[in-house]
Amino acid sequence: MPNNIRVRFAPSPTGPLHIGGVRTALYNYLFAKKAGGKMILRIEDTDQTRFVPGAEQYIMESLAWCGIQFDEGIAEGGAYGPYRQSERQSNYAAYSDQLIQSGNAYYAFDTAEELDELRKLAEADKKTFIYNAETRKTLRNSLNMNDNEVKKHLEEGTPYVVRFMIPENTSISMNDLIRGSMTVKSETLDDKVLFKSDGMPTYHLANIVDDHLMEISHVIRGEEWLPSLPLHVLLYEAFGWEKPQFAHLPLLLKPDGNGKLSKRDGDRLGFPVFPLQWKDPKTGETSSGYRENGYYPEAMVNMLALLGWNPGSDQELFSMDELIEAFSLERVGKSGSKFDPEKTKWFNHQYLIRKTDEELAAEWLVWLKTFKNLDITANQATKIVSLVKERAQFVHELWDEAYFFIEAPESYDEKVVKKRWKADSPEQMETLATLIETVEDFTAGPIDEKIKSWITENELSMGGIMNALRLLLVGAAKGPHLGDIMEVIGREASLKRIRNGIKTLESNN
RNA sequence: GCUCCCAUCGUCUAGCCAGGUCAGGACGCCAGGUUUUCAUCCUGGUAACAGGGGUUCAAAUCCCCUUGGGAGUACCA
């Protein structure tokens with residue numbers, strides 16, 4: 001179903017993409033796919049001073065990891081390229097000239113220092129300096145010069161910027177798919193720079209020109225852009241272009257306190273704010289990533305999708321396809337959402353327990369090899385994982401729940417010893433060992449049966465016996481059913497652990 | 001400061017547009033139950049319409065004000 005729904009995700013490559021950005025990309029993606037439209041990646045690298053090597057690659061890798069795919073972009077190509085604004089540089093001057101010709105923009109020769117000075121002055125007076133209809137009359141710009149003066153400046157190479165001329169005394173009405181209609185008076189706006197003295201356009205110009213040229217139908221971006229919407233609307237009107245529809249997404253807020261979620265919050269509160277680990281090429285500082293911390297991309301995407309949007313049903317778990325099916329901008333909320341790291345873990349747990357034992361075992365095998373340099377068989381891993389996966393939120397947590405399947409106890413939890421190891425324990429355990437030797441089919445069922453009937457026949461306490469036995473086999477008060485544990489580690493190892501344990505505990509007394 | 005946006009449990013949120021069920025669900029937390037320990041699991045509980053004024057027979061829902069929060073306020077995006 002071909003149509004002309006086209007959305008873009010337009011990050012600037014100034015560092016790693018944080019999860020707020022991932023969510024913006026996700027909503028764009030969901031919206032596009034739901035509508036059968038196109039998803040475009042455009043790199044907004046008009047600020048050469050903020051370029052960070054590797055950031056562009058990071059952005060693409062992150063989004064790919066999340067399962068967000070582009071139809072057009074710097075890697076995919078497409079009919080509307082190039083998709084990097086630095087490579088479209090030659091386009092922009094003509095558009096800025098066009099605005100000057102039509103009287104919607106003008107040259108300004110004020111230096112950054114002069115303007116800084118004016119801002120400071122205004123600030124001292126508890127006011128804000130605005131480059132607007134009032135002040136523009138007194139500043140060094142082409143509005144206050146005759147053609148010859150302007151020409152002279154340009155020929156002499158006086159540095160200049162091009163500013164948009166905000167119309168006087170008008171109201172700008174805008175429409176937002178999430179917030180409805182809004183109105184702003186033009187007096188409150190300032191004459192933004194469209195074209196910088198370094199020959200590059202600012203975001204405002206490049207963004208509008210490229211959205212137009214790329215035939216973007218819907219601009220879905222973060223709420224931090226809302227204050228520049230009037231300017232953008234004015235720009236479309238000045239060019240005489242049809243506007244796209246706008247949707248400004250609510251922000252992701254800090255889990256505690258207030259404010260926009262930032263990189264610092266992750267460091268401070270101990271959770272990742274970036275999809276992938278990132279090493280800053282300048283400072284060498286490393287920021288942790290969801291991928292490296294053991295999160296599944298599905299879990300992260302699921303969590304992000306529900307932060308600010310809801311399906312209107314009680315469904316919590318969504319595959320990407322289900323999200324695409326269920327998504328609509330109408331169900332995106334207006335207010336900011338505090339980020340909850342705990343819920344992300346819960347989502348990860350949900351995805352982990354839904355893996356088949358074989359899948360999870362395969363992941364764990366890799367983990368064991370990498371972090372413990374251990375090799376166990378796939379069968380063993382599958383069996384172990386099936387017994388303990390309910391207890392873990394991450395693959396790396398499996399070890400804490402299952403190490404005793406692989407390693408015999410070297411020490412015994414003192415609290416448990418005190419509580420469970422009694423005077424008659426050694427004898428009882430030895431008897432149990434001889435019993436275990438005689439179990440024919442060494443699997444959980446028969447093992448349990450044999451032990452239980454012995455306990456019943458001798459009128460012993462189930463809790464007392466089993467917990468003492470657990471102490472010998474595991475070394476602590478943890479783990480799944482003992483029958484299962486013995487089945488996995490096998491008869492020989494079980495016996496060895498029981499008899500070693502008796503020996504160790506008795507020699508300590 | 002100024003401009004704009006926003007406002008339901010601690011958190012994410014449903015309900016609001018087309019006023020009329022004890023304001024529903026999830027995470028977290030607490031308690032009880034199952035269990036052979038721990039965890040899981042099951043059951044239950046905790047807890048919210050920011051405040052004030054209107055409109056109305058009736059307001060979480062519509063309107064206004066206050067308060068609170070957020071964003072923007074660069075030759076950054």
Side-chain angles (χ1 to χ4, degrees), chain A residues 10-14 44-47 49-50 108 110-112 115-116 119 122-123 125-130 159-163 174 176 178-180 182-185 187-190 192-198 200 202-204 206-207 222-230 248 250-251 253 255-256 258-260 303 306-316 330-331 333-347 349 353 388-392 401 413 416 419-420 448 451-452 455 461-471 474 476-483:
Chain A
S12 97
T14 53
E44 309 223 321
D45 55 351
T46 51
D47 186 354
T49 61
R50 294 210 308 159
D110 319 272
T111 65
L115 295 175
D116 276 348
R119 283 194 192 94
E123 204 175 323
D125 210 15
K126 285 200 167 179
K127 285 180 183 160
T128 308
F129 168 75
I130 310 182
Y160 69 90
V161 300
V162 176
R163 284 183 182 271
M174 302 155 286
D176 182 278
I178 292 170
R179 277 150 233 282
M182 293 164 289
T183 308
V184 174
K185 290 196 175 70
E187 301 88 274
T188 66
L189 270 25
D190 62 349
K192 282 272 180 266
V193 171
L194 299 180
F195 208 81
K196 301 183 269 185
S197 57
D198 67 356
M200 291 292 266
T202 60
Y203 167 84
H204 302 294
N207 179 265
E223 194 185 314
E224 67 268 29
W225 293 112
L226 203 48
S228 23
L229 182 56
H248 290 87
L251 264 17
L253 274 19
D256 62 338
N258 304 306
K260 213 162 46 154
M303 174 277 295
L306 260 14
L307 255 192
W309 168 83
N310 79 83
S313 71
D314 281 347
Q315 187 178 349
E316 301 253 28
E330 291 79 66
R331 297 206 67 91
K334 294 177 182 161
S335 49
S337 310
K338 283 190 181 172
F339 186 77
D340 181 2
E342 286 309 309
K343 197 141 185 180
T344 321
K345 291 180 187 167
W346 178 80
F347 274 112
H349 176 68
I353 61 178
V388 302
K389 69 175 180 182
E390 284 284 354
R391 301 154 183 262
E401 304 300 336
D413 188 315
V416 184
K419 189 174 174 192
R420 303 294 189 186
D448 277 345
I451 297 175
K452 277 179 186 168
I455 289 172
S461 118
M462 176 80 92
I465 297 297
M466 296 310 272
N467 284 309
L469 179 58
R470 177 176 297 279
L471 178 65
V474 176
K478 64 194 287 190
H481 268 59
L482 288 176

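Order of the sequence lines sets the chain letters (A, B, ...), proteins ahead of strands, with each chain counted from 1.
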My understanding is that a pair needs two contacts under 3.5 Å, Watson-Crick or G-U wobble. By that rule, which nucleotide pairs with [N]?
| N | answer |
| --- | --- |
| B:U21 | none |
| B:A77 | none |
| B:U55 | none |
| B:G32 | B:C42 |

Which whole-number value in Å describes the distance from [X] [atom1] to [N] [atom2]?
| X | N | atom1 | atom2 | answer |
| --- | --- | --- | --- | --- |
| A:Leu189 | B:C2 | CG | P | 17 Å |
| A:Met182 | B:C4 | CE | P | 11 Å |
| A:Met174 | B:U3 | CE | C1' | 11 Å |

For [X], check side-chain hydrogen bond (donor to acceptor under 3.5 Å, both in side chains) against everything at least two apart and list the hits.
| X | result |
| --- | --- |
| A:Lys389 | A:Asp357 |
| A:Tyr160 | none |
| A:Asp448 | none |
| A:His349 | none |

Mind checking salt bridge (Lys or Arg N to Asp or Glu O under 4.0 Å) for [X] and listing every partner two or more places apart, or none if nothing turns up?
| X | value |
| --- | --- |
| A:Arg50 | A:Asp47 |
| A:Glu224 | none |
| A:Glu316 | none |
| A:Asp190 | A:Lys192 |

Between protein and nucleotides 24-26 of chain B, what N or O pairs are separated by less than 3.5 Å?
residue	atom	partner	partner atom	Å
B:A26	O4'	A:Glu316	OE2	2.7
B:A26	O2'	A:Glu316	OE2	2.7
B:A26	O2'	A:Lys343	NZ	3.4
B:A26	N3	A:Lys343	NZ	3.1

What's the gap between [N] and [M] when it is taken at their [atom1] atoms, as a whole Å value?
| N | M | atom1 | value |
| --- | --- | --- | --- |
| B:C2 | B:C12 | C1' | 33 Å |
| B:C75 | B:G52 | P | 45 Å |
| B:C27 | B:G19 | P | 33 Å |
| B:C9 | B:G15 | P | 16 Å |
| B:C38 | B:G32 | P | 13 Å |
| B:G24 | B:G20 | P | 15 Å |
| B:A31 | B:C64 | C1' | 46 Å |

At under 4.0 Å between heavy atoms, how does the protein contact [range]? Give one character per nucleotide, 5' to 3', with B, S or -.
| range | result |
| --- | --- |
| nucleotides 69-77 of chain B | SSSS-SBBB |
| nucleotides 43-49 of chain B | ------- |
| nucleotides 30-42 of chain B | ------BBBBS-- |

Would you indicate, yes or no, if B:U13 has its OP1 or OP2 atom less than 4.0 angstrom from a side-chain nitrogen or oxygen of A:Asn310?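 No.
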
With sugar-phosphate meaning primed atoms plus P, OP1 and OP2, does A:Gly308 contact a base, only sugar-phosphate, or nothing at under 4.0 Å between heavy atoms?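 The answer is sugar-phosphate, as A:Gly308 gets under 4.0 Å only of primed atoms, P, OP1 or OP2.
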
